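The basis for the numbers below is simple: all heavy atoms, side chains too, and nothing from hydrogens, waters or symmetry mates. Just so it is clear, the model here is predicted, and its values are computed rather than measured.
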Amino acid sequence: MPSLTKMIFGNGPLGPSFAPFIRQHPGVQKYWARWSNFYKNAAGYRQKGYLYDDLIVEETPQVQKALSRLSAKQRYDRVFRMRRGLTQSMAHKNLPKEQWIKADEDVRYLTPLIEQVVAEEAERAEWDYMTVEKIQQKRAEKRNIFSKREGTH
């Protein structure tokens, strides 16, 4: 049974999140959708030219692996947005309003890859554990060679 904090906050490569809790409760999800849109507009990353996934910290191995899976065009676009956003941040200015990222353009291009990498790692760990379990079972059978004969009496 997972702990209460893990059930509420989640425990993914992107850090703690209320998202699993909110997704489980439709009423809460409907309520927070309005605040989510307000927050995304108030955060200001779209005014600098960033997408949401451009803000993900790149220092974890899962994110590094996901970044290596991006296509050449996606990598180029990401670097362009990072340089443009950094230039705007250093100048303390926003882009002209016609260049702001619109809500429908702010798509998740990196998050699905990160989730895929995490799922692969979990599957790999599961298979590794299954192998260890099988070896331990065989060792236990070798130790108790007389246990089968006792049951036949």
Side-chain angles (χ1 to χ4, degrees), residues 1-140:
M1 176 88 181
S3 68
L4 182 62
T5 52
K6 189 170 183 178
M7 287 178 8
I8 293 175
F9 295 115
N11 193 10
L14 306 178
S17 173
F18 280 111
F21 175 77
I22 292 172
R23 286 188 193 119
Q24 290 175 355
H25 301 86
V28 176
Q29 185 175 7
K30 189 176 180 181
Y31 173 77
W32 279 106
R34 289 179 282 169
W35 289 106
S36 171
N37 292 330
F38 171 76
Y39 173 76
K40 288 175 187 175
N41 291 327
Y45 65 89
R46 291 178 181 165
Q47 288 85 350
K48 303 283 187 206
Y50 293 115
L51 295 177
Y52 178 79
D53 282 355
D54 294 335
L55 305 176
I56 295 174
V57 179
E58 302 175 3
E59 296 171 356
T60 63
Q62 294 91 356
V63 176
Q64 288 292 324
K65 198 169 199 178
L67 284 171
S68 69
R69 294 181 180 185
L70 290 174
S71 68
K73 182 179 180 347
Q74 287 176 324
R75 271 187 249 135
Y76 176 81
D77 290 345
R78 179 182 170 86
V79 170
F80 175 77
R81 287 189 304 271
M82 297 292 249
R83 288 184 180 176
R84 181 177 62 176
L86 185 61
T87 304
Q88 296 300 318
S89 293
M90 289 176 25
H92 299 284
K93 295 182 179 178
N94 289 336
L95 290 171
K97 195 157 186 150
E98 60 273 359
Q99 292 181 6
W100 288 6
I101 303 294
K102 294 165 187 58
D104 57 339
E105 296 172 357
D106 190 6
V107 294
R108 305 290 185 263
Y109 67 95
L110 189 58
T111 303
L113 293 175
I114 295 171
E115 291 170 352
Q116 182 183 22
V117 168
V118 170
E120 288 172 4
E121 288 179 355
E123 183 180 2
R124 187 174 294 114
E126 185 178 332
W127 280 104
D128 288 346
Y129 179 73
M130 289 174 68
T131 303
V132 170
E133 190 175 280
K134 221 176 207 183
I135 291 171
Q136 289 175 348
Q137 185 179 11
K138 285 182 181 179
R139 286 181 185 164

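- Residues L86 and Y50 approach most closely at N-OH, 3.2 Å, considering heavy atoms.
- Using a 4.0 Å cut-off between charged side-chain N and carboxylate O, E105 and R81 make no salt bridge.
- Without hydrogens or angle criteria, N37 side chain to R34 main chain gives no donor-acceptor distance under 3.5 Å.
- To the nearest 0.5 Å, atom CD of residue Q62 and atom CD of residue Q64 are 10.5 Å apart.
- For D77 and Y109, the side-chain atoms include no donor-acceptor pair closer than 3.5 Å.
- W35 and F38 have perpendicular rings, their planes meeting at more than 60° on a 0 to 90° scale where under 30° would count as parallel.
- Side-chain contact between I56 and T111 is present, with heavy atoms from C-beta onward closer than 4.5 Å.
- Contact detail for D106 and Y45: the closest heavy-atom pair is OD2-OH, 2.9 Å.
- Closest approach of K48 and N94 over heavy atoms only: NZ-OD1, 3.1 Å.
- What you find for V63 and I114 is that their closest heavy atoms are CG2-CD1, 3.8 Å.
- Under a 3.5 Å cut-off, the side chain of Q74 and the backbone N or O of S71 do form a donor-acceptor pair.
- A salt bridge links E58 with R78: the closest approach of a Lys/Arg side-chain nitrogen to an acidic carboxylate oxygen falls below 4.0 angstrom.
- When all heavy atoms of G49 and R84 are compared, the pair lying nearest together is O-NH2, 3.4 Å.
- Sparse packing is recorded around NZ of K97, with 12 or fewer heavy atoms of other residues, nucleotides or ligands lying under 6.0 Å away.
- In the displayed structure, R75 atom CZ is contacted under 6.0 Å by more than 12 heavy atoms of other residues, nucleotides or ligands.
- Residues I22 and V28 approach most closely at CG1-CG1, 4.1 Å, considering heavy atoms.
- T87 contributes atom OG1, which lies 12.0 Å from atom NZ of K93 (distance to the nearest 0.5 angstrom).
- Heavy-atom contacts from other residues, nucleotides or ligands closer than 6.0 Å to CZ of R23 number 12 or fewer.
- With values rounded to the nearest 0.5 angstrom, Q116 atom CD is found 10.0 Å from K65 atom NZ.
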